[in-house]
There are 2 protein chains.
Amino acid sequence: MEMMAEARAEVRELGKRATPARLTTLLFLRSQARPASHAEVSRALEPLGFDKTTVFRNLNDLCEWGLAQKSELGDHVWRFEPSQSGSHRSKHPHFVCVDCGTVTCMDQIQLTRGSLETSRDIGKVTEILLRGHCNDCN
Amino acid sequence: MEMMAEARAEVRELGKRATPARLTTLLFLRSQARPASHAEVSRALEPLGFDKTTVFRNLNDLCEWGLAQKSELGDHVWRFEPSQSGSHRSKHPHFVCVDCGTVTCMDQIQLTRGSLETSRDIGKVTEILLRGHCNDCN
DNA sequence: TAAGCTATTGCAATCGAATTGCAAATAGGC
DNA sequence: GCCTATTTGCAATTCGATTGCAATAGCTTA
Ligand SMILES: [Mn+2]
Ligand SMILES: [Mn+2]
Ligand SMILES: [Zn+2]
Ligand SMILES: [Zn+2]
């Protein structure tokens with residue numbers, strides 16, 4: 001498959017071994033519309049014969065190597081999503097519904113000039129997380 | 001003590017029992033400049049003879065009753081802080097340093113008009129969390 | 001393409017925060 | 001002071017995250 005060959009090349013590029021578990025984990029993340037928890041990825045890959053711990057380690061390794069990103073969205077569970085390939089490889093904002101737990105990836109959320117100054121007094125903002133009630137939940 | 005009598009009144013006002021563990025927990029939160037984790041509160045109260053689980057339950061009860069707020073700031077640990085007494089009892093934004101873990105309470109962080117519209121398409125934002133590198137850490 | 005070295009895997013065990021069950025203690029109304 | 005519903009203390013449990021270690025399997029090299 002096309003995707004698989006591509007993933008293999010990317011992993012090899014980093015000097016890492018292109019194992020089936022690793023490539024499948026990466027492909028799975030890329031197939032999802034939203035960040036996936038370790039439990040979700042495992043649930044999908046265990047039936048294929050991949051071990052839960054191996055998945056766990058690969059998820060974290062992929063993050064360490066820049067191929068994926070890990071975020072804590074407020075429910076004490078890590079969620080993983082593939083890094084943006086092209087333009088913005090940086091973290092993007094997320095919206096989490098406190099009612100149904102749905103996570104939405106957002107582009108270009110900006111703070112007002114005043115807020116930006118305020119935040120600069122404290123530090124350099126690298127990540128924005130919004131929480132609230134999604135339109136479906138109200 | 002003044003604080004204690006005040007706390008007692010507030011708890012009684014809610015129809016709840018003003019137990020030593022409960023009042024001490026509330027006073028402790030109010031003595032802190034930053035949100036405190038359950039572990040931190042327990043560490044402070046256990047030497048005084050209060051049980052870890054009791055502290056845990058009181059922290060959550062206080063939140064349920066509106067006297068405190070609970071947030072997940074990105075490290076898989078709940079943090080508790082007293083509700084603002086006067087003007088804005090609502091949740092305020094926080095900044096968390098991903099390096100040192102320091103949490104800073106912020107006032108009035110606003111999104112740009114455009115971002116606000118974008119977010120409205122998704123849901124009603126009730127909480128904003130900023131993460132990044134604090135000025136002390138660079 | 002077979003051997004060898006090392007990264008990776010599988011599985012059991014451990015960790016720690018969060019959560020629960022239940023009997024004993026106690027706050028507050030009477 | 002008595003009574004009862006609430007709260008507490010302590011042990012046990014849950015569950016995601018994390019680790020140790022021996023077995024396995026990529027990849028490099030000869
Ligand atoms: Mn995303
Ligand atoms: Mn705060
Ligand atoms: Zn929702
Ligand atoms: Zn810092």
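By convention in this document, chain letters (A, B, ...) are assigned in the order of the sequence lines, proteins followed by strands, and residues within each chain are numbered from 1. Excluded from the calculations below are hydrogen atoms, water molecules and symmetry mates; all remaining heavy atoms, backbone and side chain alike, are included.
- Here the CZ atom belonging to A/R57 is positioned 13.0 Å from the CD atom belonging to A/E64, to the nearest 0.5 angstrom.
- Pairs of residues two or more places apart, or lying in two chains, that qualify as side-chain hydrogen bond (donor to acceptor under 3.5 Å, both in side chains) and include a residue from residues 11-29 of chain B are B/R22-B/N58.
- Looking at B/S83, its side chain does come within 3.5 Å of a backbone N or O of B/G66 through a donor-acceptor pair.
- Following rounding to the nearest Å, B/N60 (CG) and D/dT8 (P) show an atom-to-atom distance of 13 Å.
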Under 4.0 Å protein heavy-atom contact, by nucleotide of nucleotides 20-28 of chain C - B base, S sugar-phosphate only:
BBB---BBS
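- Summarising the geometry, the separation between NE2 on A/H76 and C1' on D/dA17 is reported as 13 Å, rounded to the nearest angstrom.
- Taking for each of B/F80 and A/F50 the nucleotide of DNA chain C with the nearest heavy atom, the 5'-most of the two is the partner of A/F50.
- One can place CZ of A/R79 at 9 Å from P of D/dA17, the figure rounded to the nearest angstrom.
- In this structure, the CG atom of B/L59 is 14 Å from the P atom of C/dA17, given to the nearest Å.
- At its two ends the helix from C/dT1-D/dA30 to C/dC30-D/dG1 runs along axes set 30° apart, each axis drawn from five pairs and the angle rounded to 10°.
- C/dA17 atom C1' lies 14 Å from atom CG of A/D75, rounded to whole Å.
- Positionally, the nearest nucleotide of DNA chain C for A/R22 lies more toward the 5' end than for the other of B/V77 and A/R22.
- The distance between atom CG of B/D61 and atom C1' of D/dT6, rounded to the nearest whole Å, is 11 Å.
- Counting heavy atoms from C-beta outward, B/R30 and B/M3 have side chains that stay 4.5 Å or more apart.
- Side-chain contact, B/S115 with B/T112: a donor N or O sits under 3.5 Å from an acceptor N or O.
- Contacts of A/G49 with the nucleic acid, taken as non-hydrogen atoms under 4.0 Å apart, involve only primed sugar atoms and P, OP1 or OP2.
- Interatomic distance, CG of A/L67 versus CD of A/E10, reported as 6.0 Å (0.5 Å rounding).
- Shown here for A/L29 and A/A68, the closest heavy-atom pair between the two residues is CD1-CB, 3.9 Å.
- Residue A/N58 places at least one side-chain N or O closer than 4.0 Å to OP1 or OP2 of C/dT9.
- As rounded to whole Å, 13 Å separates atom C1' of D/dT7 from atom CG of B/L62.
- Inter-residue side-chain proximity for A/Q69 and A/F80 is flagged as unmet; no heavy-atom pair is nearer than 4.5 Å.
- Between A/V125 and B/F95 there is a side-chain heavy-atom pair separated by less than 4.5 Å.
- Regarding B/L14, its CG atom lies at a distance of 16 Å from the C1' atom of D/dT7, rounded to whole Å.
- Sorted by first and then second residue, the ring-ring contact (aromatic ring centres under 6.0 Å, His included) pairs involving residues 7-49 of chain B (not counting sequence neighbours) are B/H38-B/F56.
- Non-hydrogen atoms lying under 4.0 Å from DNA chain C are contributed by nothing in residues 32-48 of chain A.
- With sequence neighbours left out, B/N60 forms a side chain to side chain donor-acceptor pair (under 3.5 Å) with B/K70.
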